[in-house]
*Asks:* 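Sharing a structure here in structure tokens format.
A note on names: the letters A, B, ... follow the listed sequences, proteins ahead of strands, and every chain is numbered from 1. Keep in mind that what you see is a predicted model, and the values were worked out from it rather than measured.
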Amino acid sequence: MEELTIVIGGEQGEGIESVGEILTKVLSQKGFNLYGFRNFSSRIKGGHSDFNLRVSSGREIYVNAERANLLIAFDQATIDLYKDQMAANSIILYDSKSVNPNNFADLPEDALIIEAPFQQLALECGNSIMKNMVAIGMICGLNQHSPMEFKDVIKDRFSKKGIKIVEMNIEAFEKGHDFVKEKGLYSIPLVPVTDSRKMFLSGNEAMVIGAVAAGCRFMAGYPITPASEILENLIKIMPEYGGIVVQAEDELCSVAMAIGASFAGTRAMTATSGPGVSLMQEAVGLSGAVEIPLVIIDTQRGGPSSGLATKMEQSDLTAMLGGTHGEIPRIIISPSTIQEAMYDMGTAFNLAEQYQCPVFIAADLVLATSKQSTEILDTRKFEMDRGKRVTDEDLLLQEAKVFDRFAFTEDYISPRTIPGQKYGTHHATGIEHGETGHPTEDPINRKKMMIKRMEKINSVTIGEDIKVEGVAEDILIIGFGSTYGAIKEACEQFQASGIKAGLAHLRLLHPFPAKQLERLVSMARQVIVVENNYSGQLANVIKQHVQDHAKIQKLTKFDGTLFKPSDILTFSKELV
Amino acid sequence: MEELTIVIGGEQGEGIESVGEILTKVLSQKGFNLYGFRNFSSRIKGGHSDFNLRVSSGREIYVNAERANLLIAFDQATIDLYKDQMAANSIILYDSKSVNPNNFADLPEDALIIEAPFQQLALECGNSIMKNMVAIGMICGLNQHSPMEFKDVIKDRFSKKGIKIVEMNIEAFEKGHDFVKEKGLYSIPLVPVTDSRKMFLSGNEAMVIGAVAAGCRFMAGYPITPASEILENLIKIMPEYGGIVVQAEDELCSVAMAIGASFAGTRAMTATSGPGVSLMQEAVGLSGAVEIPLVIIDTQRGGPSSGLATKMEQSDLTAMLGGTHGEIPRIIISPSTIQEAMYDMGTAFNLAEQYQCPVFIAADLVLATSKQSTEILDTRKFEMDRGKRVTDEDLLLQEAKVFDRFAFTEDYISPRTIPGQKYGTHHATGIEHGETGHPTEDPINRKKMMIKRMEKINSVTIGEDIKVEGVAEDILIIGFGSTYGAIKEACEQFQASGIKAGLAHLRLLHPFPAKQLERLVSMARQVIVVENNYSGQLANVIKQHVQDHAKIQKLTKFDGTLFKPSDILTFSKELV
Amino acid sequence: MATLKDYRMDIKPNWCPGCGDFSVLAAIQKVAVNLNIEAEDMAFISGIGCSGRISGYVNAYTMHTMHGRALATAQGVKLANPDLHVICAGGDGDGFGIGLNHFAHAARRNVDLTYIVMDNQIYGLTKGQMSPTSPQGMETKSSPGGNPEQPINPLQMALASGSSFIAQAFSGDVKQLMSLIEQGMQHKGFAFINVFSPCVTFNKVLTYEYFKKNLVNLDEKEGYDPSNRAMAFNMVEETGSMFTGLLYKQERKTLTESLPKGSGTNMLTRDTFILDDIMKEKLISRYV
Amino acid sequence: MATLKDYRMDIKPNWCPGCGDFSVLAAIQKVAVNLNIEAEDMAFISGIGCSGRISGYVNAYTMHTMHGRALATAQGVKLANPDLHVICAGGDGDGFGIGLNHFAHAARRNVDLTYIVMDNQIYGLTKGQMSPTSPQGMETKSSPGGNPEQPINPLQMALASGSSFIAQAFSGDVKQLMSLIEQGMQHKGFAFINVFSPCVTFNKVLTYEYFKKNLVNLDEKEGYDPSNRAMAFNMVEETGSMFTGLLYKQERKTLTESLPKGSGTNMLTRDTFILDDIMKEKLISRYV
Ligand SMILES: Cc1ncc(C[n+]2csc(CCOP(=O)(O)OP(=O)(O)O)c2C)c(N)n1
Ligand SMILES: Cc1ncc(C[n+]2csc(CCOP(=O)(O)OP(=O)(O)O)c2C)c(N)n1
Ligand code: SF4
Ligand code: SF4
Ligand SMILES: [Mg+2]
Ligand SMILES: [Mg+2]
């Protein structure tokens with residue numbers, strides 16, 4: 001087999017997360033390309049959770065498969081949720097302690113359904129909590145991996161807790177392994193790979209790595225799902241790199257702290273999700289008005305208000321585009337893969353300093369929390385461009401008492417000095433100001449300053465502002481963020497059936513790459529804009545820029561579930 | 001003469017405001033139609049300020065005239081600002097104590113320029129502060145009004161300060177009056193009027209009256225220019241009507257208090273401007289999610305950030321439309337005259353309760369602070385519609401323990417109960433919820449709830465959603481808010497020169513009356529969208545809904561100054 | 001007669017087994033019954049957090065608002081309808097982190113409501129970051145090297161802000177908890193009750209055992225005078241906040257009592273209304 | 001050698017003649033010179049209000065931020081570059097109304113900066129509404145019937161929040177004002193100085209005369225021990241806050257000193273940087 005999808009589900013607190021971690025560690029080391037997504041609900045203990053892992057011996061993957069080959073169910077919800085999503089000849093293992101086989105009516109007929117005593121085997125080793133290790137043993141056996149690598153990872157993981165715990169877990173693993181071996185159960189093995197070294201990590205983790213590599217040395221945050229991991233990971237590692245991370249009392253403070261640190265010259269950021277974005281709106285406006293660099297990650301989640309905090313949505317686009325009062329320059333970058341999430345941090349910090357304005361990373365819950373195999377960090381992609389900074393030497397030559405921090409220039413970008421630089425002192429105020437930064441209400445200055453601020457970003461590009469794949473003569477599929485994987489596979493399926501489909505994934509959402517998109521739209525017969533929100537926010541932005549409204553179709557999803565390639569295929573068929 | 005424009009300018013603190021008040025009081029009582037706007041800068045004392053009053057014997061007016069007939073200059077800035085804006089045969093009075101006649105080079109040749117000893121005459125009465133009374137006396141004399149009515153109003157105004165002060169001010173008035181009479185100065189007199197009783201008030205005052213008449217009984221606010229007057233006026237009068245007004249510690253609190261009061265059943269509101277809108281974004285989302293009525297006035301001012309706090313702008317449209325994270329139903333009404341400001345409050349509170357969602361009043365600085373003559377409050381236009389409230393009787397019949405506060409209904413609007421009603425208890429949460437209000441992550445429910453909330457407002461209308469005037473075959477001019485007056489007069493001037501021009505002023509900004517506007521646009525040869533902001537926010541919204549982008553031209557102004565009819569004429573000519 | 005059944009919901013709280021918040025929920029419901037408050041006369045407003053979910057488990061007019069804004073909302077409810085018994089509740093992050101400003105201002109404003117904080121010295125719902133009451137040095141997800149910040153002192157904060165009723169309770173002692181909530185609800189004015197309500201999942205330092213071992217009962221302490229501000233301040237210092245009981249109580253005018261005459265007499269929570277001619281003339285008189 | 005000229009701007013403050021803020025401006029400039037701080041080493045961050053304009057009148061690295069968020073911003077500045085002398089200033093509304101939350105948290109965090117509030121007990125810039133420190137009963141534009149609310153007590157608030165330096169000054173006594181600002185700037189940690197700075201235009205109650213008549217000078221009071229928290233609390237009670245001088249001072253670790261080892265050693269305020277291979281391997285080690 002080239003590909004395989006394994007799902008394990010149960011109640012929160014049943015160790016689903018550990019299964020995912022151990023499994024992916026081993027498979028990643030063996031060189032497989034992985035994609036993993038964890039479904040979870042917003043309660044601490046109890047409530048269903050599952051981990052869906054797609055393993056590929058070949059190409060990189062960016063989305064879960066629509067069908068599972070191997071399902072492990074610790075709870076009934078796992079069966080209920082996945083019964084319609086099983087691949088041909090799949091294997092289903094369930095624990096009869098918590099799952100009722102009487103409800104198996106709709107399970108596919110070709111599936112191999114096995115009652116497996118997870119809990120009991122774990123208890124035999126001393127504690128039912130280890131049923132997740134039993135499950136790993138079974139997966140190892142079913143997929144015919146060698147147990148060695150698994151045991152090493154398990155040992156590693158529990159070594160801190162003492163030899164006794166390690167042994168118990170190994171025993172549980174072995175019991176699971178023996179169980180399937182004894183029963184003679186196995187699935188078709190995966191084609192082995194001999195691929196190069198890889199990283200396997202989530203979007204949140206990738207953004208943390210990217211931030212550190214980009215020279216970010218200050219982060220202030222406030223916990224919020226699903227952005228908290230960014231704060232937590234940065235707090236853990238930042239001291240090693242000489243930076244500072246602060247958990248503030250709220251988002252009003254965290255964003256203002258970041259602005260302050262940035263004023264002082266440090267690359268500074270904050271990370272949040274929906275409600276935090278709303279609270280930060282005023283400060284975003286300040287950053288734009290005083291032309292102080294600022295990077296904000298928004299890991300979008302289900303809105304509005306408290307909404308669906310643990311579910312997927314891409315519904316903060318209008319808030320990022322126009323949520324602050326008045327008008328400011330801003331840049332919005334949308335990573336669509338884990339790798340992009342990592343490198344986009346470098347781009348974001350460079351643009352923030354080059355253009356002296358706020359930069360949003362428009363991430364989303366799936367991008368933030370799903371994990372992908374990705375290339376090893378390439379530090380050469382993180383060359384720091386600190387923008388128009390003035391050197392101490394030049395300042396000494398000028399020897400001006402008040403530095404023209406907001407000077408009108410040809411490219412609308414003013415030279416910038418940093419506290420501590422002699423002859424660089426200046427005033428930064430959110431009130432409209434002249435070249436020295438001091439307030440003025442003069443209409444002529446006002447007009448010039450607004451134009452300076454608003455038009456400076458016109459030259460922004462992140463290289464590939466729109467990621468274009470395929471030749472979209474028949475169908476052009478447009479999207480942004482983590483829907484990339486589903487759209488990509490939909491395109492492939494269209495192409496497989498002879499339809500000329502292509503995708504245009506927006507990587508730069510603002511300033512909007514209108515011209516390029518207009519050309520793409522004009523060349524396609526049908527255009528579908530795919531997004532996880534109610535109103536078709538991206539489609540609406542496109543309509544502002546592209547005349548051909550009639551051609552543009554919205555495919556939206558706002559129930560917290562993810563797009564599958566087949567959703568797009570079905571929609572397109574219905575259109576015709 | 002049918003119309004006359006008087007301007008008096010000087011430093012803040014020189015009593016310009018009082019001149020305006022006394023003058024307008026008298027002229028309003030005499031039945032003239034007035035429009036007055038005060039230019040001011042954001043400092044407390046010092047800094048230029050002027051009051052521009054247009055007086056009409058005939059029709060109602062909605063904008064200042066482009067040229068002044070009578071200019072009184074206490075400071076040099078008044079001359080500098082108005083020298084290019086004098087009508088033919090105008091009269092200019094200046095105080096040589098503070099104005100330098102050497103700088104009069106560019107004053108129109110036909111103007112009568114008179115050095116008038118304002119300060120000195122006031123000093124003769126005991127205090128230079130009374131130079132504003134001297135000015136009133138001169139205006140009275142020049143315009144050949146009888147002094148009696150002026151004296152009555154002056155007496156009234158100062159009576160609290162004692163007979164001595166009254167007499168001094170009357171004397172100053174008389175000295176001014178005598179000065180012009182002795183010199184034999186006069187302007188062409190205004191045609192007398194015999195019109196009915198009128199009110200003369202600002203938009204802020206009109207909204208206060210409207211709120212009280214609409215049955216609003218709770219307001220929580222936080223001072224901010226130019227919305228503070230709403231808070232101040234309501235605090236003054238609300239106790240008489242049995243309501244409560246609270247000055248909160250910030251806007252986060254004021255808007256939440258209003259939501260709380262509204263949950264308890266009272267019609268509740270808040271009023272703010274730019275920075276406050278940014279801070280309220282999260283709560284706006286809550287109001288939308290929990291379907292609790294809320295009315296928010298935004299008196300838009302120059303942005304971004306602290307921006308131009310005392311200058312005109314209409315740049316919060318995107319913030320009102322999409323500033324909160326996630327997606328909610330909301331209604332945005334934009335009054336364009338003082339009279340509309342008054343009655344729109346009734347509409348806003350009715351819609352908020354009928355549709356159970358936040359309603360923005362998108363006012364702007366000019367609308368909020370300029371004063372217009374307007375019809376006497378008609379209380380019959382304020383019939384309260386409290387929406388789908390359930391009666392105590394019906395609740396007793398149902399006798400359900402948990403009330404289905406968020407029931408799915410045909411029109412998507414759920415019945416509402418109020419604390420204190422037996423069998424009406426329920427839970428309201430910003431988390432996605434089912435019909436009882438309790439949280440659920442079920443995707444099917446989620447989808448239904450989103451559709452219910454988002455689509456319920458589709459039926460919203462405020463009667464005249466777009467104010468249409470003229471037949472716009474050649475040119476259609478689109479705008480919103482206080483630019484109405486300038487657009488109206490531009491249309492009249494187009495028509496006078498044989499061009500078929502018409503206007504479409506957006507009164508309902510959301511849900512957007514797309515169909516009607518599309519029809520209007522399609523019928524016009526040229527379309528100009530006039531707005532006080534940089535990016536053409538309204539034009540961009542229109543482009544989302546109307547395909548014919550090429551036809552739509554943006555005329556924007558973002559330097560803090562106001563549109564004049566001639567700006568529109570010039571722009572249109574340049575287009576052709 | 002209100003009964004416990006009236007206040008109970010058919011919904012199983014999504015708290016972890018053993019969470020301190022269960023006791024607070026039970027205590028509130030029982031006190032409401034003891035005070036014979038009908039469910040429809042109670043408005044229960046909560047913030048966001050594990051603790052904030054509490055209002056959804058009580059059958060009354062309940063509202064789960066925004067993180068940090070519960071008190072702001074609750075004040076609006078009470079001002080609009082003074083006949084309602086208003087309870088407001090949330091977590092330590094909700095109340096002393098993001099919401100501290102409203103706490104201080106609600107306290108000085110003395111709106112008549114009862115504010116209960118379930119103080120577990122951790123951010124529960126977001127899975128274990130430090131909170132403003134986490135002790136200095138405590139390791140959490142967001143302070144792997146130990147919390148570098150000195151914690152906030154909610155009781156002295158309340159005192160400084162002019163709260164007219166200040167008490168502290170412990171989920172492990174439901175009797176005293178009930179008694180203090182009852183006193184708080186009977187207090188005319190802003191009543192603040194800080195409840196040590198252990199998070200069994202994320203706080204392994206401030207546990208039931210820890211509190212049982214360290215808490216002093218102020219209600220049993222001789223010579224303690226809860227009307228003395230200075231004494232209250234010192235008591236917090238001396239015990240390092242490790243006490244339960246009534247710390248401070250003062251009788252003073254509520255906001256509603258201090259407002260100008262006429263205020264709040266016609267809030268139109270349920271009626272419709274049309275301005276009569278006399279009131280109309282009065283309203284427009286300044287502008288004609 | 002820093003001179004007064006270095007700190008002066010060619011801009012005339014837009015304050016009303018007689019406004020108390022002039023003294024504060026002059027005092028800060030003089031103290032900076034006395035302490036021989038070069039203009040380029042001072043970061044001056046202010047809030048929004050008449051008082052908030054102060055940073056624009058000083059030649060240094062200055063920033064006029066958002067209403068209520070000056071302290072949040074200032075903490076970021078200081079953390080990013082500890083070599084800067086950071087002053088933060090604003091009004092009573094800015095600091096104790098909308099910004100109170102950051103005040104309390106900055107105080108407990110003990111970031112090393114000096115926070116000066118120009119407390120005129122009124123909202124000046126918005127033209128005369130009541131502020132959180134307006135006395136109860138005071139008539140203002142937004143309390144025509146008299147302020148119904150008990151004011152906030154900034155000094156007890158600071159004390160409760162753990163501020164490690166608390167003083168109060170008066171614009172009418174520039175010498176003491178300068179001395180307290182100087183002490184505050186020399187204090188290692190969060191230094192809070194509340195300055196009675198009369199608004200001559202909108203506050204006709206709390207005037208220069210009023211303060212002159214009523215203020216007690218703590219610095220001259222025998223037996224007063226500013227290291228005693230309880231004494232400080234009582235002093236505020238006794239004087240009804242009508243004192244000037246140093247109220248409280250404590251030496252404790254600043255936030256920067258409490259952060260994990262390595263923190264803040266490579267803030268890259270001015271350098272560029274590229275991750276070396278060893279650090280890179282460390283960074284990615286958890287994910288390979
Ligand atoms: C504006 C905003 N920021 C962040 C969050 C995420 N959040 C939810 S609850 C919470 C803190 C929970 O801690 P606490 O208030 O102590 O309540 P507990 O869960 O411990 O009971 C946070 C940060 C949010 N909902 N809204
Ligand atoms: C978010 C926000 N809300 C309101 C305002 C309006 N505003 C500007 S200054 C100010 C208060 C001024 O009072 P204070 O802080 O005491 O300063 P003072 O003018 O008295 O020195 C207010 C409410 C604002 N700028 N931003
Ligand atoms: S995480 Fe902690 S606070 Fe939240 S429910 Fe579990 S025990 Fe309670
Ligand atoms: S209004 Fe008051 S605070 Fe503002 S400048 Fe004038 S005197 Fe000073
Ligand atoms: Mg907590
Ligand atoms: Mg003030």
*Asks:* Strictly distance-based, threshold 3.5 Å: is any side-chain N or O of A:Thr78 a donor or acceptor partner for the main-chain N or O of A:Gly9?
*Replies:* yes
*Asks:* Just checking, is any N or O donor in the side chain of A:Thr561 or A:Asp559 under 3.5 Å from an acceptor N or O on the other one?
*Replies:* yes
*Asks:* Identify which part of A:Val246 has an atom lying under 4.5 Å from any heavy atom of chain C, answering side chain, backbone, both or neither.
*Replies:* side chain
*Asks:* Checking heavy atoms, do the side chain of A:Pro275, its backbone, both or neither come under 4.5 Å from chain C?
*Replies:* neither
*Asks:* Looking at every non-hydrogen atom in both residues, tell me the closest pair between A:Gln12 and A:Arg38 and how far apart they are.
*Replies:* OE1-NH2, 3.9 Å
*Asks:* Measuring heavy-atom distances to chain C, does A:Leu234 have an atom under 4.5 Å in its side chain, in its backbone, in both, or in neither?
*Replies:* neither
*Asks:* Which region of C:Phe202, side chain (C-beta onward) or backbone (N, CA, C, O), has a non-hydrogen atom less than 4.5 Å from a non-hydrogen atom of chain A, or is it both or neither?
*Replies:* side chain
*Asks:* Can you tell me which portion of C:Cys50 sits under 4.5 Å from chain A's heavy atoms? Options are side chain, backbone, both or neither.
*Replies:* side chain
*Asks:* Would you check if there is a donor-acceptor pair between the side chains of C:Asn110 and C:Ser164 at a distance under 3.5 Å?
*Replies:* yes
*Asks:* Look at C:Ser142, C:Pro17, C:Gly68 and state which one has the largest set of heavy-atom pairs under 4.5 Å with chain A.
*Replies:* C:Ser142
*Asks:* Answer yes if the side chains of A:Gln247 and C:Glu149 hold a donor-acceptor pair under 3.5 Å, and no otherwise.
*Replies:* no
*Asks:* Do other residues, nucleotides or ligands put more than 12 heavy atoms under 6.0 Å from A:Asn100 CG?
*Replies:* yes
*Asks:* Tell me, side chain or backbone of C:Thr65 under 4.5 Å from chain A's heavy atoms, or both, or neither?
*Replies:* backbone
